[in-house]
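Worksheet: one structure, shown below.
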Amino acid sequence: MASSVLARAERPVVLVRAAAGPRPDGAGTAWQPGAQRDVVLGLDLCDRQAETVLDFAFDTAARHRVALRVVHGWNPSTLQDAGPDDEQPVRRAVILAEALRPWREKYPQVKVAEEAMVGTAGSHLVDVSHDAGLVVVGRRRRSAQLGPHIGPVTHHVLREAVPPVAVVPHD
């Protein structure tokens with residue numbers, strides 16, 4: 001049900017787990033209202049339209065006076081990552097820093113931590129969500145043959161993340 005609502009939403013939607021204690025699967029403690037925990041943003045550097053997602057994450061962190069942790073995961077087997085393996089992490093970190101530069105300038109009060117990691121973004125976001133107050137992910141507004149969908153990273157984060165998850169639609 002939540003996935004179909006998210007897939008059709010035109011504005012950001014925040015999903016909050018019903019339980020407010022340890023998760024039944026033992027995967028950490030659920031987010032507590034009022035907790036001063038960081039916002040975690042899953043950022044797709046290949047997505048040129050992610051400004052809406054960045055603005056939402058930075059604005060949320062600024063309003064709640066918490067830090068923003070930006071996580072970018074990538075699979076080095078893709079063609080766009082062709083090149084020496086030892087240069088990829090450095091190159092991705094530089095690209096991530098450059099993508100965040102204008103947002104750091106717009107929101108100088110927000111402390112930002114950047115993490116460019118090899119591997120699937122969904123798994124990294126779930127791992128760092130255990131200490132977060134909110135996880136922010138984007139969703140492209142597009143339809144597949146079977147109708148709108150939320151994408152594999154968003155789906156994984158919704159299933160496994162501990163705190164509330166904000167899904168921000170963008171073009």
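Here, residue 1 is the first one in the sequence, and each next residue gets the next number. What you are looking at is a predicted structure, and each value in this text was computed from that prediction instead of being measured. Heavy atoms only: backbone and side chains are in, while hydrogens, waters and symmetry mates are out.
Both Val71 and Leu158 belong to a single network of hydrophobic side chains, linked directly or stepwise wherever heavy atoms of I, L, V, M, F, W or Y lie under 4.5 Å apart. Note on Val110: it clusters hydrophobically with Leu54, by side-chain heavy-atom contacts below 4.5 Å among ILVMFWY residues.
A pairwise comparison of heavy atoms in Ala67 and Ala61 identifies O-CB, 4.3 Å as the closest pair. Pairing each heavy atom of Val162 with each of Ser129, the nearest pair is N-OG, 3.3 Å. Summarising the geometry of Val135 relative to Pro163, their closest heavy-atom pair is CG2-CG, 3.7 Å, with the distance given to 0.1 Å. Between Ala9 and Arg139, the shortest heavy-atom distance links the atoms O-NH2, 2.5 Å. Taking both residues in full, the closest heavy atoms of His130 and Arg37 are given as O-NH1, 4.0 Å, listed atom of the first, atom of the second, then distance. Contact between Gly133 and Pro164 at its shortest, heavy atoms only, is O-CD, 3.4 Å.
Remark: Asp55 engages Lys106 in a salt bridge, criterion side-chain N to carboxylate O under 4.0 Å.
Here the straight-line distance linking atom CD1 of Ile95 with atom CZ of Arg92 works out to 5.5 Å at 0.5 Å rounding. Interatomic distance, CZ of Arg104 versus CD of Gln109, reported as 12.5 Å (0.5 Å rounding). In this structure, Arg101 CZ and Leu96 CG are separated by 13.0 Å, a value rounded to the nearest 0.5 Å. Within the model, atoms CG of Leu68 and OH of Tyr107 stand 10.5 Å from one another, a figure rounded to the nearest 0.5 Å.
For the pair Leu100 and Val70, the minimum side-chain heavy-atom distance is below 4.5 Å. Annotation: side chain of Val53 is not in contact with side chain of Leu43 (no heavy-atom distance under 4.5 Å). Counting heavy atoms from C-beta on, the side chains of Val112 and Phe58 come closer than 4.5 Å. Looking at heavy atoms from C-beta onward, Asp131 lies out of side-chain contact with Asp38 at the 4.5 angstrom threshold. In this structure the side chain of Ser123 reaches within 4.5 angstrom of the side chain of His156, judged on heavy atoms. Here the side chains of Val128 and Glu115 are in contact, with some heavy-atom distance below 4.5 Å.
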>> Show, in sequence, the C-alpha distance, side-chain angles and deciding distance for Val136 and Thr60, and conclude whether the side-chain contact (heavy atoms from CB on, under 4.5 Å) test is met.
In response: CA-CA 10 Å; Val136 178; Thr60 300; 5.7 Å; no
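Looking at His72, its side chain never comes within 3.5 Å of a backbone N or O of Ala121 through a donor-acceptor pair. Arg69 places no side-chain N or O within donor-acceptor distance of the main-chain N or O of Ala132, the cut-off being under 3.5 Å. Side chain of Thr154 to backbone of Gly138: a donor-acceptor contact under 3.5 angstrom is found.
Leu134 pairs in a side chain to side chain contact (heavy atoms under 4.5 Å, CB included) with only one of the listed residues (Val14, Val66, Val16), which is Val14.
Residue-environment remark: CZ (Arg65) stays at or below the threshold of 12 foreign heavy atoms within 6.0 Å.
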